[in-house]
Amino acid sequence: MLLRPAIILALLLIPACATPSTDPRRLPAGQWVLDGDHASVVWRVRHLGLSWYTGRFDGMEASLDFDPARPQDAQLTAIIDTASLSSGHPGFDHTLANDWLHAAQNPQISFTSARIEVIDATHGRAFGQLVMNSRTVDAVMEIEFYGGSFNMLAGRDTVGFGADMVIDRTDFGVGSLPASIVGTEIRIHIEAEFLRQGASS
């Protein structure tokens, strides 16, 4: 059986996709932007105390000034399109985005880091401000650094992170239902790959 050219190309690229490294000496510093095709923001909130109702945001962008040798100096800015909220139920998505998050008046949700705390080689915390529903609240993002490598598919140096954040919806005036119906705690999980700008190593 003859192999198709696309399959042959994929087989050739597999050895070139290096295992991600967290060694600062092997990772370049620089400006990085979010690879939107390889990023997700998932949120969960308790429903009647019986389950975690889960949804996501489909529109986002982010920038990162990151030097692996000095992770404590990293600066992160992330912006989410409020109206891109998705729970799998389009009609309800409109209600959540417009009646709860007031997307028309607040088209963006943003997080800007002010300080990075390094825990170990692959874990840290980003302290900053979260802006949502016209309110600004101090927030903490727990971050795991997966590492980086030259991404042959994108033709760029790439770094990857996972992050978690827990917020109280009442701090942002989101929703009026009591906690017995919709919990006040919102758990947010982020997966993100960033592409380095400029010349690759």
Side-chain angles (χ1 to χ4, degrees), residues 29-46 52-68 70-87 93 96-120 122-148 158-175 182-197:
Q31 300 287 331
W32 307 71
V33 295
L34 184 70
D35 177 358
D37 292 333
H38 298 94
S40 62
V41 177
V42 177
W43 51 264
R44 298 192 300 158
V45 63
R46 292 287 273 183
W52 285 96
Y53 188 75
T54 303
R56 56 182 289 150
F57 288 98
D58 293 325
M60 68 202 81
E61 59 185 74
S63 62
L64 176 67
D65 186 346
F66 178 62
D67 181 351
R70 296 186 58 80
Q72 69 276 10
D73 294 335
Q75 294 183 318
L76 169 67
T77 300
I79 298 173
I80 291 172
D81 176 5
T82 308
S84 72
L85 183 149
S86 174
S87 67
D93 293 345
L96 290 175
N98 291 280
D99 295 347
W100 287 54
L101 295 176
H102 305 102
Q105 296 80 26
N106 306 286
Q108 295 180 335
I109 299 169
S110 67
F111 175 79
T112 303
S113 68
R115 178 172 66 89
I116 303 294
E117 176 187 319
V118 177
I119 298 174
D120 57 34
T122 57
H123 295 86
R125 294 187 183 96
F127 297 83
Q129 292 189 321
L130 180 65
V131 180
M132 182 168 61
N133 204 29
S134 294
R135 298 190 185 185
T136 302
V137 176
D138 291 336
V140 181
M141 185 181 292
E142 301 285 343
I143 298 174
E144 180 177 1
F145 176 46
Y146 299 142
T158 306
V159 290
F161 300 86
D164 291 282
M165 179 184 291
V166 178
I167 64 174
D168 186 330
R169 67 177 175 85
T170 63
D171 288 342
F172 298 92
V174 174
V182 177
T184 58
E185 179 181 282
I186 299 176
R187 298 182 181 181
I188 302 167
H189 180 71
I190 301 162
E191 291 289 329
E193 293 181 18
F194 287 82
L195 302 173
R196 184 168 179 259
Q197 300 300 286

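The figures here come from the full heavy-atom set of this structure, side chains too, leaving out hydrogens, waters and symmetry mates. Bear in mind that the values here come from a model prediction, so they are computed numbers and not experimental data.
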Nearest 0.5 Å, please: how far is [atom2] in [Y] from [atom1] in [X]?
| X | Y | atom1 | atom2 | value |
| --- | --- | --- | --- | --- |
| His123 | Glu142 | NE2 | CD | 9.5 Å |
| Glu185 | Trp52 | CD | CH2 | 4.5 Å |
| Ser63 | Gln31 | OG | CD | 7.5 Å |
| Asp67 | Gln75 | CG | CD | 12.0 Å |
| Thr112 | Leu130 | OG1 | CG | 9.0 Å |
| Ser86 | Leu96 | OG | CG | 10.5 Å |

### Backbone of Ser87 reached by a side-chain donor or acceptor of Asp93 within 3.5 Å
yes
### Message
Between Thr82 and Asn106 (side chain of the first, backbone of the second, donor and acceptor by atom type, cut-off under 3.5 Å), is there such a pair?
### Response
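Yes, because the side chain of Thr82 sits within donor-acceptor range (under 3.5 Å) of the backbone of Asn106.
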Does the side chain of [X] reach to within under 4.5 Å of the side chain of [Y], using non-hydrogen atoms?
| X | Y | answer |
| --- | --- | --- |
| Gln197 | Val33 | yes |
| Tyr146 | Val159 | no |
| Leu34 | Met60 | yes |

### Task
Decide side-chain contact (heavy atoms from CB on, under 4.5 Å) for Ile116 and Asp73; before the verdict, give the C-alpha distance in whole Å, the side-chain angles of both, and the deciding distance to 0.1 Å.
CA-CA 7 Å; Ile116 303 294; Asp73 294 335; over 6 Å; no
Check [X] against [Y] and note the closest heavy-atom contact, atom names and distance.
| X | Y | value |
| --- | --- | --- |
| Ala74 | Ser113 | O-OG, 4.2 Å |
| Gly59 | Ser84 | N-OG, 2.9 Å |
| Ala104 | Asn98 | N-OD1, 4.3 Å |
| Trp32 | Phe66 | NE1-O, 3.4 Å |

### Task
Decide side-chain contact (heavy atoms from CB on, under 4.5 Å) for Ile188 and Met141; before the verdict, give the C-alpha distance in whole Å, the side-chain angles of both, and the deciding distance to 0.1 Å.
CA-CA 9 Å; Ile188 302 167; Met141 185 181 292; over 6 Å; no
### Message
Between Phe111 and Val131, is the side-chain contact (heavy atoms from CB on, under 4.5 Å) condition met? List the steps.
### Response
CA-CA 6 Å; Phe111 175 79; Val131 180; over 6 Å; no
### Partner residues of Phe127 under the side-chain contact (heavy atoms from CB on, under 4.5 Å) criterion, sequence neighbours left out
Arg115, Glu117, Arg125, Val140
Atom pairs and distances, donor-acceptor, side-chain atoms in residues 38-46, under 3.5 Å, two or more places apart:
residue	atom	partner	partner atom	Å
His38	ND1	Asp35	OD2	2.8
Trp43	NE1	Arg56	O	3.4
Arg46	NH2	Gly49	O	3.0

### Task
Apply side-chain contact (heavy atoms from CB on, under 4.5 Å) to the pair Asp81 and Gln108, showing each step before the final yes or no.
CA-CA 5 Å; Asp81 176 5; Gln108 295 180 335; over 6 Å; no
### Query
Looking at Leu85, Ile109, Asp58, which one forms a side-chain contact (heavy atoms from CB on, under 4.5 Å) with Ile80?
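The passing option is Ile109.
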Counting only pairs under 3.5 Å, give me each side-chain donor-acceptor contact of residues 161-172, with atom names and distances, residues two or more places apart or in other chains.
residue	atom	partner	partner atom	Å
Asp164	OD1	His189	ND1	2.8
Asp168	OD1	Thr170	N	2.9
Asp168	OD1	Thr170	OG1	2.6
Asp168	OD2	Thr170	OG1	3.4
Arg169	NE	Gly183	O	2.9
Arg169	NH1	Val174	O	2.9
Arg169	NH1	Gly175	O	3.4
Arg169	NH2	Leu177	O	2.7
Arg169	NH2	Val182	O	2.8

